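Step one of this worksheet: look at the structure below.
Keep in mind that what you see is a predicted model, and the values were worked out from it rather than measured.
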Amino acid sequence: MRDPLSLEYRTGLPEPLHVLLQSYPKDGWTTDPGFDDLIRFWLDRHLMFRRILTEMTTTTERLLDRDLDPRRFGAMMSRYGGMFVNGLHEHHTIEDTHYFPVLSQKDQRISKGFEILDQDHHAIDQYLSNFVGAANGTINVLDNRDQLQTAADRLRSELQTLHRLLDRHLTDEEELIVPVILKYGFDI
């Protein structure tokens, strides 16, 4: 039976978890007096992950269109892929060990949301593993155009899935966490 709150099937957090988002809507975040460097930095990290995913997808599509030298693709994918995976693991570790425990105590009405986001992190790990396997599989056949096309097509598929799921997670995370910090701050 599929869980409607799992990352794979969720279209957003349940409405009761948006109780603070109603008071702190997204279009007013940057003008709120509580919008500080911590929120800005955290949102910038999310933007960076989205941009890297977009760049890796575009690079893969250029390879599939034979509009990019395979060696250049390999160098770019190695660089961006490593940056993406390592950065995302570090980001999630900090959230799981520091931010989520503190923020989940600020308002009990939304504590379930932090459990959902933590479960997302575990689910994302599997999709990151799939991406790494597909990226390495593509890089390992750069000299064989037929195998390269097949491997790059698989990689594109993994990137599209990862992009969809990560964007869902990041959006839900932003809509839960930013209002909490705007209302309560992040004092420990």
Side-chain angles (χ1 to χ4, degrees), residues 2-24 26 29-30 32-56 78-136 158-159 161-188:
R2 65 186 227 189
D3 178 2
L5 296 180
S6 73
L7 182 59
E8 292 84 358
Y9 302 111
R10 191 172 71 235
T11 58
L13 291 175
E15 197 57 38
L17 296 177
H18 285 154
V19 63
L20 294 177
L21 182 62
Q22 294 167 2
S23 300
Y24 295 89
K26 193 179 271 193
W29 289 352
T30 59
D32 188 283
F35 191 84
D36 60 10
D37 289 340
L38 173 65
I39 296 172
R40 186 173 286 105
F41 171 76
W42 185 72
L43 290 173
D44 283 346
R45 294 292 290 176
H46 284 193
L47 180 61
M48 178 194 74
F49 295 129
R50 287 177 170 116
R51 285 181 174 163
I52 292 173
L53 264 174
T54 298
E55 182 63 31
M56 290 189 298
S78 293
R79 178 174 165 239
Y80 287 127
M83 185 184 339
F84 176 75
V85 171
N86 292 332
L88 198 56
H89 278 305
E90 177 184 34
H91 183 74
H92 286 170
T93 298
I94 291 168
E95 287 175 340
D96 290 341
T97 60
H98 188 62
Y99 290 115
F100 289 2
V102 170
L103 293 173
S104 67
Q105 299 303 309
K106 301 282 186 182
D107 194 316
Q108 291 302 309
R109 297 174 296 173
I110 60 167
S111 61
K112 174 68 175 166
F114 289 97
E115 293 173 24
I116 293 169
L117 296 175
D118 180 65
Q119 290 170 0
D120 286 357
H121 289 175
H122 298 289
I124 289 168
D125 283 345
Q126 181 58 54
Y127 291 99
L128 286 174
S129 179
N130 295 347
F131 157 71
V132 168
N136 286 337
E158 293 295 340
L159 284 164
T161 299
L162 185 57
H163 201 287
R164 178 180 59 81
L165 296 175
L166 186 63
D167 189 60
R168 171 78 275 141
H169 168 73
L170 295 176
T171 298
D172 290 345
E173 200 172 76
E174 292 161 4
E175 291 178 351
L176 187 73
I177 291 176
V178 172
V180 173
I181 297 174
L182 292 177
K183 181 172 178 73
Y184 300 106
F186 189 72
D187 299 330
I188 298 174

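- The heavy-atom pair separating Trp29 from Tyr24 by the smallest distance is NE1-O, 2.8 Å.
- Note that CZ of Arg40 is 13.0 Å distant from CG of Leu47, once rounded to the nearest 0.5 Å.
- Partners of His163 by ring-ring contact (aromatic ring centres under 6.0 Å, His included), not counting sequence neighbours: none found.
- Between Gly185 and Leu103, the shortest heavy-atom distance links the atoms O-CD2, 4.4 Å.
- Checked for salt-bridge contact, Asp172 and Arg168 meet the test: a charged N lies under 4.0 Å from a carboxylate O.
- Nearest heavy atom pair, residue Leu5 against residue Arg10, reads O-NH1, 2.8 Å.
- Rounding to the nearest 0.5 Å gives a distance of 8.0 Å between CG of Leu166 and NE2 of His46.
- The aromatic rings of His169 and His92 sit perpendicular, their planes meeting at an angle over 60°, well past the 30° parallel limit.
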_Step-by-step side chain to side chain contact (heavy atoms under 4.5 Å, CB included) determination, Met56 to Glu158_ = CA-CA 11 Å; Met56 290 189 298; Glu158 293 295 340; over 6 Å; no
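- The minimum heavy-atom distance between Thr97 and Thr93, with the atom names listed, is OG1-O, 2.7 Å.
- With hydrogens and angles disregarded, a donor-acceptor distance shorter than 3.5 Å links the side chain of Asp36 to the backbone of Ile39.
- Other residues, nucleotides and ligands place no more than 12 heavy atoms under 6.0 Å from the CZ atom of Arg51.
- Shortest non-hydrogen contact noted between Asp3 and Tyr9 is O-CD1, 3.7 Å.
- Across Asp118 and His122, no two heavy atoms sit closer than the pair O-CD2, 3.0 Å.
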Please tabulate, one pair per line, all N/O donor-acceptor pairs under 3.5 Å involving side-chain atoms of residues 78-88, not counting sequence neighbours.
| residue | atom | partner | partner atom | Å |
| --- | --- | --- | --- | --- |
| Ser78 | OG | Gly74 | O | 2.9 |
| Asn86 | ND2 | Gly82 | O | 3.1 |

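- Judged by distance alone, with hydrogens and angles left aside, the side-chain atoms of Ser129 form no donor-acceptor pair with the main-chain N or O of Asp125 at under 3.5 Å.
- For the 3.5 Å distance criterion, the side chains of Tyr184 and Gln105 fail to qualify, holding no donor opposite an acceptor.
- Between Arg50 and Glu174 there is a salt bridge, since at least one side-chain N of the basic residue sits less than 4.0 Å from a carboxylate O of the acidic one.
- To the nearest 0.5 Å, atom OG of residue Ser23 and atom CG of residue Asp32 are 11.0 Å apart.
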